[in-house]
Amino acid sequence: MKPPKPTLSKNLEELEAKAHLAAEQRRHKEAILFYKDLLKQEPRPQWQQALAQAYRLRAEQVAGKGMWQEAAILWENHAKLCPAAKVSDDYLGWLALAGQFPKLAQLLANPATEIGDGPMAKRLPEALAILALQNEKLLTPFPKDHPIPKHHAMAKQALHAYCQGRDTEAEEALRQIPSRSPYRNVRTLVKALLLFTQDRAVGLESLGRIEGDSLCQGLARQILRLCQPGGPEFRLGEELPLILVGKLNGYDKAQLGLYKDAQKMGHDLPPKQVFNTVLNHRALLGESASRRACLAMLVGYPEGVDLFQKTFGKLPPFERKRLLALHEEAQQHYAQAALHWREAIDELDKQPQGASKALDQALIFRHIADMAKTGGVLNIAIDALKGGLKFDPDDRASYLDLVKLYEELDDPKQSQTWLDAGLKRFPKDVELLALAMREAARRKAFKKASGLAKTLLEIDPINSPARQFLLDAHLGHARKQARAGKPHLALQELEQARTLDARRKNAALCLLEGLLALKDPDRATALLVEGWRLAGKSLAAQFQLNLETLSLGLPLKATAGIAPALAKTHNATREELLALAACLSHYAGEDSKRISEAIKPLKTKLTKAIRQTEMSEEENASLCQTFGRAKQFDILHECAREAMLRFPQAAGPLYFMVYANCKGIATRMSVRDESQLEYALGLADRNNDRRTALLIESLLRKLDEAYEDDLHLEDFIPNPGKLQSKLTPELERRIYELETLSQAELLKIVSQYIPGMPLKSLPREELLNLARIALMGELGIDLKGLLGGLLPSNLPFGPHKLR
Amino acid sequence: MQNPFEILEVAEDADDAAIKKAYLKKVKEYPPERQAETFQKIRSAFEAIESDKQRRQYRLFHAETPDLASLLKQALKPGPAQRPEVDVLVGALAETVLADWLRPKQAP
């Protein structure tokens, strides 16, 4: 839309303000009109200056839109108002882009014109000199004694003579071009081309003599790159001087055709066209090289397989499946890729027997497993790993993977089976032994774990996990002996532990030594202070001291005045919280009651720290997981609550909140908990939070397994499917309604069905469970019959649910 | 990655010993302290095919990128140079001159 033409105003101040505003707001077109208007009324120099400025800025604006001619005219208007202004590079460029070369020639020819000193201005004489070789009209404005027209004829003669093979004449003409002429680099170029005809390498070397800032460099660079004796250095997709290079390289028709097609290859040419180009020029490219290139292209262009086979012969079925699988992988369609890989395995099966074939099959299975692991489809990964071991049972990594995957799926039985299988095949493998040791310790098979640790240390004497395990085992025995009232045996265990910690780095060992020396307060204090220091003098240190005290059967106050303690005003930091989490993980196998007792005096500090400390989502999740594992559900609740406030979109805090509510027991979950978990699972999937998704799935799986072992509708009614499908929506609605009822209302409902039972003392959750069962009665099921086998022996009620 | 067999200049059916020999020869030619980048390329190529299992994995799962530039270079090896027509030469020169001269104007 055209801007409104400003009306002539007598009020100059108002008009000036409008002009300023327009200029400020980059409405230069309007500003020009306002300033012109002002100048008509009064020729003030500042308005003239402002108008010149507006012309210049408007020129830049229109140039930005590719309107080169308009930009050049506006710049000329600017120059008229600023006679002292030198010709700028911008103006030169706009003239050239508008194709106004004669105007450029006039500028250069006019001695009165002051040309600036920008990079374009500096090279204007050379540019015009060379352009005049193509367009002689550009010579018109120049006086005859100007170097451009003066040397133009010699340069032209040299070029013509070279192109027509009159080398002596060309050389003579070149000799007449002086070394300060604007044609001096054309002289070097033609000289190099003359040499190039006789000796390609020498000619190319001579091109190096062209001045670095000469405009002839562009062509020289292209010739250097594209006319090498070994063939052109292509940069696919760039514009190439087709005919010139074709001539200089002496290409025949076939080569020129290929060269022409090659130019297009980089312009996002569809794979089909690249494929066809290679096929069409295969005689020139070489049959074998073309076949290899086309085969490689089939991964991105599987549709070309028929044409490929027609041209180069049939591909083995295995190869076809392999290419399809690789194609799907490249599209990240892993399920489809796995399918093709399995077909490839089947194709290999059809081939004659041999070790080589089996190894390929095993490798493909492992490749499928890797893809499945990436996609988080652990069951498929497991199947594929097992498949691979059938063909190549000597793959240690597969055993390790299987153990870890089953661990991830929370299937310790299978994990152990594969660990045993791996150890049977690789009895001296350090990694497998270490895994077995950890697994045995987890199952509290300490004797077996100690044996494995000793074997590990024999093979690998500096194996720190094994060393740590043995040390922990001695400490565990020491605690046991002390609790059994055998301090001398406890001390013996500590002595043995000390041999494994000669550099005195283990806090627990020092603390235990100190606690067993309480009869000698000075020595005890020295050891406890050392242990306290090693434990980090923090929340974790206090927890460790408390726990070790309790583990010896001593009361917490036993160390009062002897061991260091945290100040009442101590504010725990983020690092302390993380250190405590690490310490709790270390004591994961300890009695949870003892852990609760040890942590109890720290709860206030801990809660305060959880509320006040800034932690990342990852750190918070790890803290929650540790408290969950240590069965510290009230602290976990606190932690999850804080995380829910800080990371409202994260799935982890929701899961941990439910986990805290049901105290880690799936069957204690309420319907609301379950629906919250399902919501969190969706959230985890959307956030790509695989870790939380796995935790949620595991808890939900436990719930499902419990249901399977719990009451079954079919135990009570014949043909439950029909009834269930009819009742389910109604049941679900009513079950949700129950959730909203008060304790008194629940009691009223349940007592109607089970009169005379001591229901008042039951917690809400148990009442709710009974109400759910009662609901079934209302919907036509004989509740008395249903509960007959369960009551009263099952009271107080377990978490029975009907599904 | 460029074909590791080509980088090490070994046949595709070369065995462990031949590959190791070729690798050590290349390392001598391009020692890591002087030609770190080339050495890294050689090292990666060696690690990709040093054992039979790795060579199999490479052949099974590596989707080779066709090296079209090398293919073209090979097919477009020059013959004896011919003289271009003067219009062709001057046209190419004028075109590159103009592009070079305008480059400062077109640079962002």
Side-chain angles (χ1 to χ4, degrees), chain A residues 89-90 93 96-97 118-120 123 127 130-131 133-134 159-160 162-165 196-197 200 215-219 222 227 229-234 236 241 243-244 247-252 255 258-259 262 265 274 281 284-286 289 292-293 296-297 299 322 326 330 359-360 363-364 367, chain B residues 1-6 11-13 15 48-49 51-108:
Chain A
D89 266 15
D90 277 343
L97 289 163
M120 290 181 70
R123 302 206 285 180
I130 295 171
L131 292 173
L133 289 170
Q134 205 182 25
L159 281 163
H160 275 272
Y162 156 72
C163 289
Q164 285 154 17
F196 183 88
T197 317
R200 189 171 285 267
L215 292 172
C216 293
Q217 275 291 351
L219 185 63
Q222 285 194 341
C227 300
E233 295 292 344
F234 270 105
L236 296 178
I243 305 173
L244 179 66
K247 286 278 181 188
L248 292 178
N249 282 342
Y251 286 156
D252 58 23
Q255 282 177 305
L258 174 62
Y259 189 87
M265 277 198 190
V274 180
H281 295 281
L284 190 60
L285 293 167
R292 186 173 181 149
M297 277 189 268
V299 172
R322 187 186 81 91
L326 287 176
L359 191 51
D360 280 353
L363 287 172
I364 296 174
H367 186 69
Chain B
M1 190 180 87
Q2 207 185 323
N3 185 332
F5 295 97
E6 282 170 17
E12 299 224 352
D13 59 353
D15 61 9
I49 56 168
S51 70
D52 175 50
K53 196 168 166 181
Q54 276 152 321
R55 289 193 290 281
R56 278 172 192 281
Q57 276 175 326
Y58 181 82
R59 283 188 204 110
L60 284 170
F61 311 120
H62 181 78
E64 203 178 320
T65 313
D67 186 1
L68 294 173
S70 301
L71 202 62
L72 292 169
K73 188 175 174 178
Q74 197 63 27
L76 292 172
K77 275 198 175 160
Q82 296 162 13
R83 308 281 172 133
E85 285 78 26
V86 75
D87 290 349
V88 169
L89 178 56
V90 172
L93 182 59
E95 203 176 303
T96 52
V97 159
L98 203 56
D100 254 22
W101 186 56
L102 282 170
R103 190 156 296 137
K105 186 82 206 76
Q106 285 164 344

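A, B, ... follow the sequence lines: proteins, then strands. Residue 1 opens every chain.
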* Structure fact -> d(B:R56 CZ, A:D360 CG) to nearest 0.5 Å is 4.5 Å

* Provide the closest heavy-atom pair for B:A63 versus A:V299 in the form atom of the first, atom of the second, distance. => CB-CG1, 3.9 Å

* **Distance-minimising heavy-atom pair for B:P66 and A:A293** => CB-O, 3.9 Å

* Asked: CG/B:L102 to CE/A:M120 distance, rounded to the nearest 0.5 angstrom?
  -> 4.5 Å

* Side-chain heavy atoms of A:I364 within contact of B:F61, under 4.5 Å -> yes

* Tell me, for A:L133 versus chain B, whether the close heavy atoms (under 4.5 Å) come from the side chain, the backbone, both or neither. => both

* **Steps toward side-chain contact (heavy atoms from CB on, under 4.5 Å) verdict (A:L285, B:L72)** => CA-CA 7 Å; A:L285 293 167; B:L72 292 169; 4.3 Å; yes

* Got a donor-acceptor contact below 3.5 angstrom from the A:Q255 side chain to the B:K77 backbone? -> yes

* Residue pair A:R292 / B:N3, side-chain heavy-atom distance below 4.5 Å -> yes

* Asked: Picking from A:L244, A:D252, A:V274, which has the most non-hydrogen pairs under 4.5 angstrom with chain B?
  -> A:L244

* To do: Would you mind checking which part of A:L131 comes under 4.5 Å of any heavy atom in chain B, side chain (CB onward), backbone (N, CA, C, O), both or neither?
  => side chain

* **Smallest separation among heavy atoms of A:L284 and B:A75, with atom names** => O-CB, 3.6 Å

* Structure fact -> Among B:V88, B:L76, B:V97, the residue with the most heavy-atom pairs under 4.5 Å to chain A is B:L76

* Could you tell me the separation between the NE2 atom of A:H281 and the CG atom of B:L71, rounded to the nearest 0.5 Å? => 11.0 Å

* Structure fact -> CD (B:E64) and CE (A:M297) are apart, to the nearest 0.5 Å, by 11.0 Å

* Asked: Rounded to the nearest 0.5 Å, what separation is found between the CG atom of A:L215 and the OG1 atom of B:T96?
  -> 8.5 Å

* Structure fact -> Between A:Q134 and B:A94, the two heavy atoms sitting closest are OE1-CB, 3.3 Å

* Contact check, side chains of A:C216 and B:L93, non-hydrogen atoms, under 4.5 Å -> yes

* To do: Please list, chain by chain and in numerical order, all residues satisfying side chain to side chain donor-acceptor pair (under 3.5 Å) with B:Q57, sequence neighbours excluded.
  => none

* Below 4.5 Å, heavy atoms only, C-beta onward: do B:L60 and A:H367 meet side chain to side chain? -> no

* So which part of B:D67 gets closer than 4.5 Å to some heavy atom of chain A, the side chain, the backbone, both or neither? -> neither

* Closest approach of A:Y251 and B:P78, non-hydrogen atoms and distance? -> CE2-CA, 4.2 Å

* Asked: At a heavy-atom separation under 4.5 Å, does A:P229 approach chain B through its side chain, its backbone, both, or neither?
  -> backbone

* Structure fact -> Rounded to the nearest 0.5 angstrom, the CG-CG distance for A:L159 and B:D87 is 11.0 Å

* To do: Could you check which of A:A330, A:G230, A:A289 has the highest count of heavy-atom pairs closer than 4.5 Å to chain B?
  => A:G230

* Asked: Within the side chain of B:R83, is there an N or O that forms a donor-acceptor pair under 3.5 Å with the backbone of A:T197?
  -> no

